[in-house]
Amino acid sequence: MSIRTRIILATLAVVAAVTVGSVAYTIDRERRWAVARLLDAIGADIRLVQVVTAGPLYDGNIAQLNAILDSLFANPDILRITLAETRGDIALARNREPATELGEQIERRVRVSRGGDELGTVRVVYTTANIEQRLTQSRNTVVLFSLLLMAALSVVIYMLASRLTRPIERLTRAARAIAAGDLGRDIDTRGAAETAVLGQSFVQMRDAVREKIADLAENNRHLREEIEQRRQAERERDRLASIIEATSDLVSVADPNGKVLYFNRAGRSMLGIGTGNGQPATIPEVHPRWASDLVVAEGVPAAIRDGIWSGETAVLRRDGREIPVSQVILSHKDPEGKLLYLSTIMRDVTERKRAEAALRASEERFAKMFREAPENMTLVGAADGRYLDVNHEFERQTGYARAEAIGRTSLELGLWANPSLREDMFRSLHASGSVHEWEFTLNRRDGTRRDALIDATMVNLGGEPCWLFIMRDITERKLAENALRQSEQRFRALVELSSDWYWTTDEHHRFTFREGEVLRRMGLAPEADYGKTRWEMDFVSPQAEGWDAHRAALERREEFRDLLAARRGGDGELYWATISGRPLFDAKGGFLGYHGTGRDVTAQVRAEQALRRLNAELEEAVKARTAELAAANKELEAFVYSVSHDLRAPLRGIDGFSQVLVAEHGARLDPEARRLLERVRAAAQRMGRLIADLLELSRLTRTEMRTQEVDLSELARGVADELAGEARGRDLRWHIESGMKVRGDRAMLRIALVNLLGNALKYTRDAAPALIALERVERRGQVEEFVVRDNGAGFDMAYAARLFQPFQRLHAQHEFEGTGIGLATVQRVIAKHGGEIRGEGRPGAGAAFYFTLPV
Amino acid sequence: MEQPHILLVEDNPDDADLTVVALRNNRIANHIVIARDGAEALELLFGPRAGATPELPAVVILDLNLPKISGIEVLQRIRSTPRSALLPVVMLTTSVEDRDVLASYRNGCNAYVQKPVSFDDFLDAAGRLGLFWLLLNVRPPGQ
């Protein structure tokens with residue numbers, strides 16, 4: 001802040017403080033005086049109100065009261081007047097807003113009374129607002145005046161101060177510029193006397209400083225140039241040193257006496273030494289004996305003589321190891337030709353040597369591999385096509401020895417069944433540099449032929465270009481290929497012609513292949529379901545969980561057979577198929593999926609369904625018929641039972657009373673009457689027998705079998721004895737084979753034998769002797785056939801069908817008596833035992849009845 | 001001592017007459033009392049409800065198929081009554097059914113004779129019956 005500004009501000013501050021103080025004091029005094037006057041006026045007003053309102057209030061003269069209040073309210077210091085009569089009849093009021101918010105309110109309350117009676121109350125509120133307003137106006141006036149005064153004062157002070165302070169300010173600015181380094185600036189030395197002296201001294205001092213600075217700048221420039229030159233030289237030297245230090249070759253320097261002066265880093269590391277001590281002192285110490293001899297005897301003299309020598313030497317490491325190097329020795333001389341020092345560069349050639357050795361080994365390996373390789377390999381000269389070498393496998397495959405082959409061409413050996421093919425191959429070989437899987441027929445030395453493939457490529461052997469041939473015998477493979485092709489054709493034929501189809505699925509049981517003409521006949525595209533599992537397909541049967549058992553079997557990798565499934569074909573018809581499959585595994589036993597066949601069995605399933613339906617119907621019918629039959633049988637049995645009993649009683653009567661008639665009244669009857677009565681009796685008795693036989697037949701039907709082992713021979717003998725008793729006097733010859741054992745109901749079998757043997761006896765009546773036999777015929781598994789044979793009357797086979805029907809007789813009653821029930825009974829017995837019976841006979845030549853029984 | 005009578009229980013009059021003829025032809029002179037049904041037979045054997053007990057016959061010839069009370073029932077009554085428990089009873093019937101024969105013997109008949117259709121056979125059978133039971137058989141003591 002300049003001096004001038006400070007002076008002005010100080011002066012103004014003093015004037016302002018005085019003005020504010022005096023104005024505050026004056027206004028405060030003015031306010032107190034005005035308020036005191038107001039209080040005086042209020043006192044007078046109140047007293048006046050007490051007096052003037054008592055009368056009108058007492059009288060109730062409101063007009064007068066209003067007039068009093070109006071006159072009072074003319075005073076602008078009054079804000080509010082309220083007049084309230086004690087009785088409450090009269091209540092008057094006046095109100096106004098204060099002129100300003102400033103000031104305070106003064107309230108007075110007076111009771112108006114007359115003669116001790118209180119008539120009412122008057123409340124008057126005053127304000128000092130008017131006073132404050134006036135005071136504010138006067139304060140504003142004073143402040144305005146003061147400000148004008150101060151402004152005028154400022155101008156006067158400014159003018160005075162300018163003359164004094166301006167030269168000093170100029171000097172100050174010049175000093176600041178010099179401090180900032182601006183020495184060339186003009187300095188104004190005008191001003192008051194003291195100020196001018198000060199300014200001139202300041203100018204002298206500035207000139208001296210300016211001269212000194214120019215000297216210093218010159219010195220600095222020289223110094224910088226010198227430093228830069230030195231740095232340049234150092235960088236050059238460092239670069240050369242770093243190149244030498246960085247190179248992987250050994251670099252060394254020695255004096256003309258052979259004393260070693262320097263080794264670079266690669267050299268130290270090659271020698272296996274650190275910096276400083278331990279460094280070889282002379283040239284021979286660097287090399288092994290043989291190399292140092294070479295260097296000292298030949299290298300150094302040659303370098304001195306010619307300026308440079310190079311050769312293959314070696315470095316001796318600290319640890320005794322020898323490192324092969326290729327070495328260059330240089331000699332450095334001054335212009336007069338005097339030797340200054342020797343330098344050498346050595347390169348480690350260990351790797352090169354190793355690579356050369358490796359190459360040699362590789363070539364040996366190749367030779368061995370070539371010779372021992374399991375492939376037929378040959379090397380052929382590119383120029384003449386003659387064998388340079390052949391391997392063992394060549395000898396084995398062609399039958400030619402190595403010695404025979406080398407130096408000859410394959411054509412000369414006659415290896416090519418078709419020599420023109422060889423020309424083609426070489427043409428192709430020359431064109432493209434190699435051939436791949438060139439097929440040809442090989443003629444072996446023994447004349448047999450083999451199919452082979454040739455691969456050939458150009459190789460460089462010891463710098464000589466030649467062809468490497470590899471030949472593979474593919475005879476077996478071709479045979480296998482042919483077999484495969486045939487198998488595929490057979491499969492194709494099978495697929496196209498059979499009513500089966502073939503399918504494969506992957507390890508997730510999704511279809512990967514399906515082929516068969518029959519599928520197309522069903523209207524199904526074989527490929528349509530690829531990628532789907534069976535249970536994802538639209539089978540009508542099985543559905544959903546119907547596949548669970550099958551899927552479980554698949555997870556167990558089990559073979560499955562004849563899985564029945566139904567599906568709608570492209571034509572909407574329901575087709576049935578049986579599917580069979582087995583799992584496929586790779587060589588390591590990994591599961592690959594399933595493969596198998598499907599078969600269209602729609603016709604079969606439809607037939608089976610029809611058959612099943614028919615069977616069910618038939619079974620129902622049989623059941624119904626059986627029930628009907630059983631009921632009918634029962635009725636019939638009851639009928640037979642009662643009939644046979646009830647019929648016999650009258651017969652007995654007929655017979656009995658006829659007898660009684662003859663016995664008691666015979667004398668009165670003529671012989672003809674008696675003969676007729678006898679015929680009546682005979683008829684009745686015959687009917688009686690008929691009924692008895694019928695009864696027996698029916699009883700057989702109803703009786704439960706009691707199966708046991710029965711000695712048929714013994715049983716037959718008993719029956720024969722019994723029968724023989726009834727036929728005394730006849731010439732009878734029985735032949736009953738012994739030891740015939742059967743399983744059956746003894747009582748029933750006896751009835752059968754009685755009838756069979758009885759028949760035989762009856763029909764042999766006219767034969768003498770009568771021959772009756774019971775014999776075994778043959779055993780058939782669990783049953784045995786027997787025969788009852790006689791030499792009696794026999795029968796006509798034309799009527800054989802009627803033999804076993806009840807009441808059917810082949811002979812007239814007068815020839816042979818009988819009821820016609822006997823054979824029916826026999827047949828029933830045999831049938832109950834699960835056997836069969838048949839009769840054979842010829843009239844006059846006897847009869848034979850064959851029957852089977854379980855044994 | 002008066003000859004004891006024979007009780008013939010037979011509903012068929014023809015058979016009854018023929019049986020009588022057959023017995024007479026075999027010179028069996030015992031008085032023959034005929035009962036036409038089971039109830040009558042029981043009355044003849046054990047008397048009416050309030051009456052005195054009649055004398056027992058020498059033998060009872062009993063048909064199986066009888067009106068009112070069957071032959072088997074009559075047989076059971078005879079055997080279950082102490083007085084007649086040992087009375088000889090001969091079943092004379094047309095039936096040769098096993099079940100009838102078994103039922104008769106099981107209830108204690110002394111003999112089972114089938115009525116043959118032929119009167120000659122019938123005479124034989126009746127004769128054997130009469131001789132056996134009336135002449136040869138010793139009656140139980142105290143009767």
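All chains are named by letter (A, B, ...) in the order of the sequence lines, taking the proteins before the strands, and each is independently numbered beginning at 1. Keep in mind that the numbers below use all heavy atoms, side chains included, and drop hydrogens, waters and symmetry copies.
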Item to complete: Could you please state which residues from residues 102-109 of chain B sit under 4.5 angstrom from chain A, measuring non-hydrogen atom to non-hydrogen atom, sorted by number, or 'none'?
Response: none

Discussion item. If we check side chain to side chain donor-acceptor pair (under 3.5 Å) with A:Arg652, which of these qualifies: B:Asp14, B:Asp15, B:Asn12?
Written reply: B:Asp15

Worksheet entry | Neighbour count above 12 (heavy atom, 6.0 Å) for A:Glu836 CD | no

Practice prompt. Report, as yes or no, whether the 6.0 Å neighbourhood of atom CG on B:Asn65 holds more than 12 heavy atoms from other residues, nucleotides or ligands.
Written response: no

Worksheet item: Is it true that atom CD of A:Gln782 has more than 12 heavy atoms of other residues, nucleotides or ligands lying nearer than 6.0 Å?
Response: no

Worksheet item: So, for B:Phe119 and A:Gln659, which heavy atoms are closest and what is the spacing to 0.1 Å?
Response: CD2-CG, 3.0 Å

Worksheet entry | Close side-chain approach of A:Phe657 and B:Asp17, heavy atoms under 4.5 Å | yes

Discussion item. As an exercise, state the distance from CG of B:Asp120 to CG of A:Asp655, rounded to the nearest 0.5 Å.
Written reply: 6.5 Å

